[in-house]
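These numbers come from the heavy atoms of this one structure, side chains and all, not from hydrogens, waters or symmetry mates. Counting convention: from 1, in listed order, for ligands and their atoms alike.
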Amino acid sequence: MQPLYDKFGRAITDLRISITDRCNYKCVYCRTGNEGALYGDLPFADYLRMARVLVGMGITKVRLTGGEPLLRNGVVDFVRELARLRPQGVKPRSGGGSAGTAKAVHDTSATDLSNNDEPLDIALTTNGHLLAELAQPLKDAGLTRVTVSMDAVDPDRFARITRVPNGYDQVLKGIRAARRAGLWPLKVNCVLMRGFNEDQIIPFGMFAREEGVTVRFIEFMPLEEDRVWAPSTVVPLEEIVARMAEYRPLVEIPRGRSETARRYRFEDGIGEIGIIAPVSHPFCGHCSRIRITSDGKIRTCLFSVWDHDLHALMRRGASDDELAEFIRGVVLKKEERHHIGEPDFVPASRTMVHIGG
Ligand code: SAM
């Protein structure tokens with residue numbers, strides 16, 4: 001089998017599966033105050049089959065997301081099943097995209113995939129509310145690492161952003177349980193939104209040092225249900241670095257080619273932060289991701305204006321080879337880049353909670 005490449009020569013090695021679009025939080029940068037899922041979810045066996053076919057095509061990392069993935073009963077057993085999959089070796093080709101945009105590559109011939117005894121890298125993005133109980137069982141089942149979303153290190157501010165009272169202590173317990181369970185590296189993601197939490201930058205620097213976690217600040221993207229995004233609501237990379245440097249000097253750490261975050265450590269060697277800056281410093285040229293939504297559609301970009309119904313094909317009785325052929329065709333349609341902030345920007349056909357971040 002040949003590995004998956006898009007028409008710009010980007011190798012697709014990273015799969016995100018949303019296992020529900022329900023969420024128990026209503027974060028201001030993501031959701032309205034309303035309840036409920038829009039699209040629903042599928043039996044785990046269906047996601048497992050999709051993952052198996054994709055791992056056979058060169059996917060080496062699977063991240064479970066949502067909605068809130070820990071709301072799904074059976075998530076631990078699903079991780080155990082995923083952990084039985086063995087990724088194939090893919091050699092990244094030289095001559096792929098540059099940092100900001102992808103570059104058309106017409107030679108789509110590629111090295112074959114080879115069997116590999118490495119385990120699949122299985123990650124989870126969660127709001128952490130249910131993590132305290134589940135961290136150890138998830139680790140035992142084969143989960144490799146966790147990213148917890150947390151947008152303030154102050155309980156009242158946390159409640160204002162999540163629109164859930166008393167969540168802060170619960171999430172802190174979850175983070176500590178994940179560290180005890182050895183889910184490593186442990187990352188904490190903070191979406192910065194002007195007027196809500198830009199004053200949390202330095203407190204998060206202190207938190208990173210005290211808790212031994214990597215805190216990553218994410219620029220707010222126009223993927224929210226309430227359509228409140230404007231360029232002025234984004235706290236850009238330079239401002240985050242400058243603000244943090246007022247607390248302690250930072251040193252940039254070299255990063256891997258496909259890493260989305262710019263990484264910094266504090267000069268005294270204690271604590272690391274990252275900044276994911278898709279708005280001010282797009283990294284589409286290095287994008288290695290595709291997503292499967294909770295209702296079984298493939299999305300080739302967060303900002304896609306359409307999705308591709310893999311589950312409908314499964315329901316019609318397609319074989320694994322037919323699924324693989326469909327996926328290969330879809331990947332060839334992957335968008336070159338997003339157009340956030342440009343005059344021709346068209347909002348994505350789904351908001352983040354119904355895509356899976
Ligand atoms: N419920 C889980 C959680 O809270 O991590 C997983 C789903 S959540 C949609 C995944 C990630 O998307 C979180 O880190 C969240 O902060 C981020 N996110 C949601 N809306 C966003 C937006 N408009 N801009 C940037 N990041 C966003």
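- Between the side chain of Thr214 and the main chain of Glu272, no donor-acceptor pair closer than 3.5 Å is present.
- Atoms of ligand 1 found under 4.0 Å from any heavy atom of Thr65, numbered from 1 in the order shown, are 6 (C), 7 (C).
- For the pair Arg243 and Phe217, the NZ or CZ position fails the cation-pi test of under 6.0 Å to the six-membered ring centre and within 45 degrees of the ring normal.
- The closest non-hydrogen atom to atom 10 (C) of ligand 1, taken over Ser18, Gly66, Gly357, comes from Gly357.
- Backbone and side-chain nitrogen or oxygen atoms of Tyr29 are examined, and one is located within less than 3.5 angstrom of a nitrogen or oxygen of ligand 1.
- For ligand 1, one of its N or O atoms has an N or O atom of Ser149 under 3.5 Å away.
- The backbone and the side chain of Thr125 each have at least one atom closer than 4.0 Å to an atom of ligand 1 (non-hydrogen atoms only).
- With hydrogens and angles left out, the side-chain atoms of Arg291 and Ser18 include no donor and acceptor closer than 3.5 Å.
- Residue Glu68 has at least one heavy-atom neighbour below 4.0 Å for each of these atoms of ligand 1: 1 (N), 2 (C).
- Of the protein's non-hydrogen atoms, the one nearest atom 24 (N) of ligand 1 is Met221 N, 3.0 Å.
- Side-chain contact of Ser294 with Arg22: a donor-acceptor pair under 3.5 Å is absent, judged by distance alone.
- Summarising the local packing, CG of Asp268 is surrounded by more than 12 heavy atoms from other residues, nucleotides or ligands at distances under 6.0 Å.
- Pro222 has its side chain within reach of Ile340: a pair of non-hydrogen atoms, C-beta onward, lies under 4.5 Å apart.
- In terms of polar-atom proximity, defined here as any N/O pair under 3.5 Å, Asp151 makes no such contact with ligand 1.
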Report task. Carefully, step by step, assess Arg209 and Tyr247 under the rule side-chain contact (heavy atoms from CB on, under 4.5 Å). Result -> CA-CA 12 Å; Arg209 290 163 64 83; Tyr247 163 54; 3.4 Å; yes

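- Ranking protein heavy atoms by distance to atom 26 (N) of ligand 1, first place goes to Val191 CG2, 3.5 Å.
- The heavy atom nearest to atom 9 (C) of ligand 1, out of those in His354, His129, Arg22, Met352, is found in Met352.
- For NZ of Lys173, the number of neighbouring non-hydrogen atoms (other residues, nucleotides, ligands) closer than 6.0 Å is 12 at most.
- Closest to atom 6 (C) of ligand 1 among all protein heavy atoms lies Gly67 O, 3.3 Å.
- Atom CH2 of Trp184 has more than 12 heavy atoms from other residues, nucleotides or ligands within 6.0 Å.
- Heavy-atom contacts of Glu219 reach the following atoms of ligand 1: 25 (C) (cutoff under 4.0 Å).
- Not a single heavy atom of Pro278 sits under 4.0 Å from any atom of ligand 1.
- For ligand 1, the atoms lying closer than 4.0 Å to a non-hydrogen atom of Thr126 are 2 (C), 3 (C), 4 (O), 5 (O).
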